[in-house]
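Here is the structure we will look at, set down as structure tokens.
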Amino acid sequence: MTEKELHRLRRHDLLQLLLAQGREAAQLQGQIDDMTAELNDLHETNSRFIGRMDDKDAQIEKLKRRLNEKDAQVETFKERLKDKDAQIDRLKGRLDQKDLQMEELKKVIEEYRSGRIFEIDGKISIADVAQKLEGIFGAAQKAVDQYLGEIHRADQADGPDSLGGTCRNE
């Protein structure tokens, strides 16, 4: 509306126009207030979400640290497992060697038991007989030492008062 048209209006029309504008202004102010309240609610909700996100980020960092620690533990366990596997392989090798030694000793024992140790082919030399007797006495001494060692260990395990005293080797 132009200024000319405004001057032509009567007082009653002007009052109605002012009243309509006042109602519209009040309605718009109500909408502004509602939107401001809604905006404040959205800001509060946004702040709560940001806080929760920060908490989640902190939890994620904690879990990352724990996961890294667990990864380090897994690596340590893998290394220990490799060491144990190597140790097992070494022990298997030693066991195989001991098995071979036992087979050789079983053959020697069988030779002693069968009496073939005393069989001498061809010419008899004193050196051969001495060597065979030395083997017999060495095996006998080894058996005696082993027996006494077992008795001594058993005596130590039972304590000095188990049989009324200690075992004496004379």
Quiz item: Are side-chain heavy atoms of I50 and D54 found at a separation under 4.5 Å?
Solution: yes
Quiz prompt | Greater than 12 external heavy atoms within 6.0 Å of E134's CD | solution = no
Self-check item: Partners passing side-chain contact (heavy atoms from CB on, under 4.5 Å) against Q146 (at least two apart in sequence or in another chain)
Solution: E150
Exercise. Taking side-chain contact (heavy atoms from CB on, under 4.5 Å) as the test, write out the residues that go with K78, two or more places apart.
Key: V74, E75
Exercise. List in chain and number order the residues that pass salt bridge (Lys or Arg N to Asp or Glu O under 4.0 Å) with K64, two or more places apart in sequence or in another chain; answer none if no residue qualifies.
Key: E61
Quiz prompt | Nearest-0.5 Å distance that lies between atom CG in L81 and atom CD1 in I88 | solution = 8.0 Å
Quiz prompt | Residue list, side chain to side chain donor-acceptor pair (under 3.5 Å) with Q16, at least two apart or on another chain | solution = H12
Self-check item: With sequence neighbours excluded, residues passing side-chain contact (heavy atoms from CB on, under 4.5 Å) with N68
Solution: D71
Self-check item: For Q141, side chain to side chain donor-acceptor pair (under 3.5 Å) partners two or more places apart
Solution: D145
Quiz item: So how far is it from K56 NZ to L63 CG, rounded to the nearest 0.5 Å?
Solution: 10.0 Å
Self-check item: For D13, all residues meeting side chain to side chain donor-acceptor pair (under 3.5 Å), sequence neighbours excluded
Solution: none
Quiz item: For K98 and Q101, what are the C-alpha separation, side-chain angles and deciding distance, and is it a side chain to side chain contact (heavy atoms under 4.5 Å, CB included)?
Solution: CA-CA 5 Å; K98 295 297 180 185; Q101 287 176 347; 3.5 Å; yes
Exercise. Check side-chain contact (heavy atoms from CB on, under 4.5 Å) between E104 and all other residues, then give those that pass, not counting sequence neighbours.
Key: none
Quiz item: Could you give all pairs that pass the side chain to side chain donor-acceptor pair (under 3.5 Å) test and reach residues 79-89, with sequence neighbours left out?
Solution: none
Quiz prompt | Pairs where residues 28-50 contributes a residue and the test side chain to side chain donor-acceptor pair (under 3.5 Å) is met, not counting sequence neighbours | solution = Q29-D33, T45-R48
Practice problem: With rounding to the nearest 0.5 Å, note down the distance linking CG in L100 to CG in L105. | Solution: 11.0 Å
Self-check item: Interatomic spacing from CD1 in I109 to CE in M102 - rounded to 0.5 Å
Solution: 9.0 Å
